[in-house]
Structures are given as C-alpha cells and as structure tokens.
Amino acid sequence: MKKIVNPCTCKVGKINANAFVKIEYENKRLSLSGVVGPLSSGNCRGSAGQCVDEIRAGTPTKGWTRETLDRFCDIWERWHLNDMRPECEHQRELGWPDMAKEQITLYHYRLKFEALKTQKDAESAALSALRKGEMFNPTPEQAAYAALPYCLDVYESLEGTDAAGYYEPKKPLHPGDSGFTELKYRCWVRVEESELGLLCKPCPVCGYKYGSAWMREEVPQDILDWLFNLPDTERRPAWV
C-alpha cells in the first residue's frame with residue numbers, strides 16, 4: 001500500500017512551501033518520508049526525508065486540522081521503520097525504549113605527570129639492563145606503574161579512589177574535544193562497560209540481547225487504517 005499526502009505548508013524564507021509525505025506499508029513494514037517544497041530540479045526548498053519537526057510546525061492544509069497533523073507526526077515518530085527495533089517485545093514492555101534515551105557520563109582520565117615519569121623511569125631501567133645483558137628484576141612499585149594504561153575511560157568517577165592518585169581529568173586537546181566528560185546514550189553503551197549499559201544486555205524473559213538484531217514490532221491495524229484514510233494530496237509533487 002502506498003499513498004502521498006499534503007498535510008501542511010511550511011514557512012521557508014518568505015514563502016509558504018507545500019509539504020508532502022509518502023506513506024508506504026509493504027511486508028509489514030511501515031515507512032514515511034517527507035519533503036518540503038520539492039522542485040522539478042530534484043532539489044527542495046526545505047528539508048527532506050525524516051523532516052517530522054518541520055512538518056509538525058507547519059500550517060495544516062485543506063482537510064487537515066492541527067489535531068490531525070499532530071497525531072500524524074506522532075505516528076510517524078512512533079511507527080516509522082517498525083521492523084528495525086533494537087529491543088524484543090519483553091524489553092519493550094519493561095520500558096527499555098525509554099531507558100535507551102537516558103544518558104550516562106563517561107569520564108576520560110590521563111596519567112598524571114608524576115605517574116608517567118615513574119613509569120618511564122621503570123621502562124628506562126629495564127631497557128638499560130637489557131643493553132648491558134643484565135637481569136632486570138622490577139620492584140613491586142615499578143611493576144605496578146608499568147601496568148598502568150596512559151588513558152582511562154570509565155563510567156564512574158575516580159574521585160575518592162586509589163586510582164585518583166595516578167590519574168587526572170583529561171584536558172581538551174582541540175576544538176570539539178569533549179575533554180574530561182561526555183554523555184553517552186545507554187543504548188550505545190555495552191553492558192560489559194557499565195552496569196547501566198543496555199547494548200547486548202540479555203532480556204530477562206527470552207535471553208535476546210538488546211541491539212544484537214533488528215526486531216519487528218507489529219503496527220496496530222487501527223493505526224494503518226487511520227493513515228490510509230487520510231486525504232490524498234490534491235497537488236502533484238515534483239517528487240517525494
């Protein structure tokens with residue numbers, strides 16, 4: 001099934017451009033794609049593709065109301081590509097889609113100068129012994145410092161821990177560098193990296209690992225009926 005609708009006009013500069021959306025449902029997959037002010041050249045005056053926000057802010061056309069336009073955009077955001085869900089039905093019922101949108105803090109640390117110097121001194125001592133053909137027996141301190149990684153990225157602050165004696169917050173090195181901390185969506189953090197991570201976390205019911213495959217969520221029939229009963233466009237778009 002396929003249809004094209006003209007739900008609204010959108011302000012683009014000084015003109016009102018007609019917005020069009022193509023609705024397709026095939027093999028139990030719902031897909032919606034829009035364009036604002038399509039031109040015969042293949043360009044467009046506004047946005048194209050997943051331009052839900054721009055269309056939601058538009059002015060309803062004939063046969064559409066603000067309520068209809070809002071519901072249409074809600075359905076678009078909720079059900080577009082329903083066969084590409086990272087969660088299983090049980091995880092969905094447990095609220096994982098909302099949890100996936102939550103953010104957690106990733107902390108970036110670097111070795112302190114003193115710790116780095118001690119590490120380098122231990123390495124130099126080992127290299128010196130090798131050059132002399134001598135046996136090198138590192139002290140417990142040298143072995144401990146040699147094992148310290150230069151960079152440490154963790155999801156818990158080191159403040160108040162023993163590791164804080166060796167590491168300091170990373171400073172930004174260039175424009176765009178997040179520096180000491182950055183926010184990560186839980187859906188992109190592996191469960192092995194943090195207990196708050198969701199990526200590859202097993203479902204407590206069926207064992208499916210979140211994000212390990214694309215799962216289908218069936219679109220309710222009343223949603224499909226509502227979409228395909230919307231008024232067809234009275235204007236022929238250059239493309240959509």
Side-chain angles (χ1 to χ4, degrees), residues 47 49-50 53 77 80-81 83-215:
S47 302
Q50 296 305 298
D53 292 340
E77 291 180 324
H80 173 64
L81 298 185
D83 61 342
M84 298 183 69
R85 300 290 190 255
E87 76 282 346
C88 69
E89 59 180 323
H90 311 110
Q91 294 166 334
R92 194 175 306 123
E93 292 172 356
L94 292 171
W96 287 32
D98 290 332
M99 293 162 58
K101 299 174 186 177
E102 297 172 353
Q103 294 180 313
I104 55 179
T105 302
L106 175 61
Y107 298 89
H108 300 286
Y109 291 93
R110 297 291 183 268
L111 273 178
K112 290 181 177 180
F113 175 78
E114 296 81 3
L116 184 61
K117 184 177 183 304
T118 302
Q119 187 181 72
K120 294 298 183 182
D121 288 344
E123 292 175 357
S124 295
L127 185 59
S128 177
L130 177 64
R131 287 170 175 165
K132 296 177 182 178
E134 299 174 351
M135 180 72 69
F136 176 70
N137 292 312
T139 66
E141 182 186 50
Q142 288 175 322
Y145 274 92
L148 294 175
Y150 175 68
C151 304
L152 199 59
D153 302 325
V154 293
Y155 285 93
E156 292 184 7
S157 172
L158 296 183
E159 186 176 355
T161 68
D162 292 341
Y166 308 112
Y167 290 93
E168 62 184 1
K170 172 183 174 292
K171 298 176 181 178
L173 300 178
H174 52 77
D177 188 342
S178 61
F180 175 40
T181 63
E182 65 175 303
L183 293 175
K184 306 276 284 188
Y185 286 103
R186 293 179 64 182
C187 60
W188 294 113
V189 179
R190 298 183 68 88
V191 65
E192 297 87 354
E193 298 174 305
S194 168
E195 61 181 12
L196 294 177
L198 291 181
L199 188 57
C200 288
K201 184 174 182 177
C203 170
V205 179
C206 66
Y208 164 76
K209 295 182 177 181
Y210 179 92
S212 61
W214 291 126
M215 310 293 281

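The analysis underlying the following values was restricted to heavy atoms, covering all of them including side chains, and did not include hydrogens, waters or symmetry mates. In this text, all values refer to a predicted model and were calculated from it rather than measured experimentally.
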Does the pair Glu87/Arg92 count as a salt bridge with the N-to-O cut at 4.0 Å?
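Salt bridge: yes.
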
Please check if atom [atom1] in [X] has more than 12 non-hydrogen atoms from other residues, nucleotides or ligands closer than 6.0 Å.
X      : atom1 : result
Lys170 : NZ    : yes
Tyr166 : OH    : no
Glu156 : CD    : no

The complete set of salt bridge (Lys or Arg N to Asp or Glu O under 4.0 Å) pairs with one or both residues in residues 189-199, sequence neighbours excluded, reads Arg190-Glu192

Under 3.5 Å: donor-acceptor pair, side chain of [X], backbone of [Y]:
X      : Y      : value
Ser128 : Ser124 : no
Gln119 : Leu148 : yes
Lys112 : Ala164 : yes
Arg186 : Leu196 : yes
Tyr185 : Ile104 : no

Close side-chain approach of [X] to [Y], heavy-atom, < 4.5 Å:
X      : Y      : answer
Val189 : Tyr155 : yes
Leu152 : Leu158 : yes
Glu182 : Lys184 : yes
Pro86  : Cys187 : no
Leu199 : Lys201 : no
Asp153 : Leu106 : yes

Gap separating the [atom1] atom of [X] from the [atom2] atom of [Y], nearest 0.5 angstrom:
X      : Y      : atom1 : atom2 : result
Met215 : Tyr208 : CE    : OH    : 5.5 Å
Gln91  : Cys203 : CD    : SG    : 5.0 Å
Lys117 : Asp121 : NZ    : CG    : 4.0 Å
Lys209 : Leu198 : NZ    : CG    : 14.5 Å
Leu111 : Tyr150 : CG    : OH    : 7.5 Å

Problem set entry | Step-by-step side-chain contact (heavy atoms from CB on, under 4.5 Å) determination, Cys151 to His108 | CA-CA 7 Å; Cys151 304; His108 300 286; over 6 Å; no

For residues 133-143, dump all side-chain donor-acceptor pairs below 3.5 Å to protein atoms at least two apart in sequence or in another chain.
| from | atom 1 | to | atom 2 | distance (Å) |
| --- | --- | --- | --- | --- |
| Thr139 | OG1 | Gln142 | N | 3.0 |
| Gln142 | OE1 | Thr139 | N | 2.9 |

Name the orientation class of the two ring planes belonging to Phe180 and Tyr109 (parallel below 30°, tilted from 30 to 60°, perpendicular beyond 60°).
perpendicular

task = Name the orientation class of the two ring planes belonging to Tyr210 and Trp96 (parallel below 30°, tilted from 30 to 60°, perpendicular beyond 60°).
result =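 Taking Trp96 first and then Tyr210, their aromatic rings sit tilted (interplane angle of 30° to 60°).
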
**Prompt:** What's the verdict on side-chain contact (heavy atoms from CB on, under 4.5 Å) for Trp214 and Asp83, showing C-alpha distance, side-chain angles and the deciding distance?
**Reply:** CA-CA 7 Å; Trp214 291 126; Asp83 61 342; over 6 Å; no

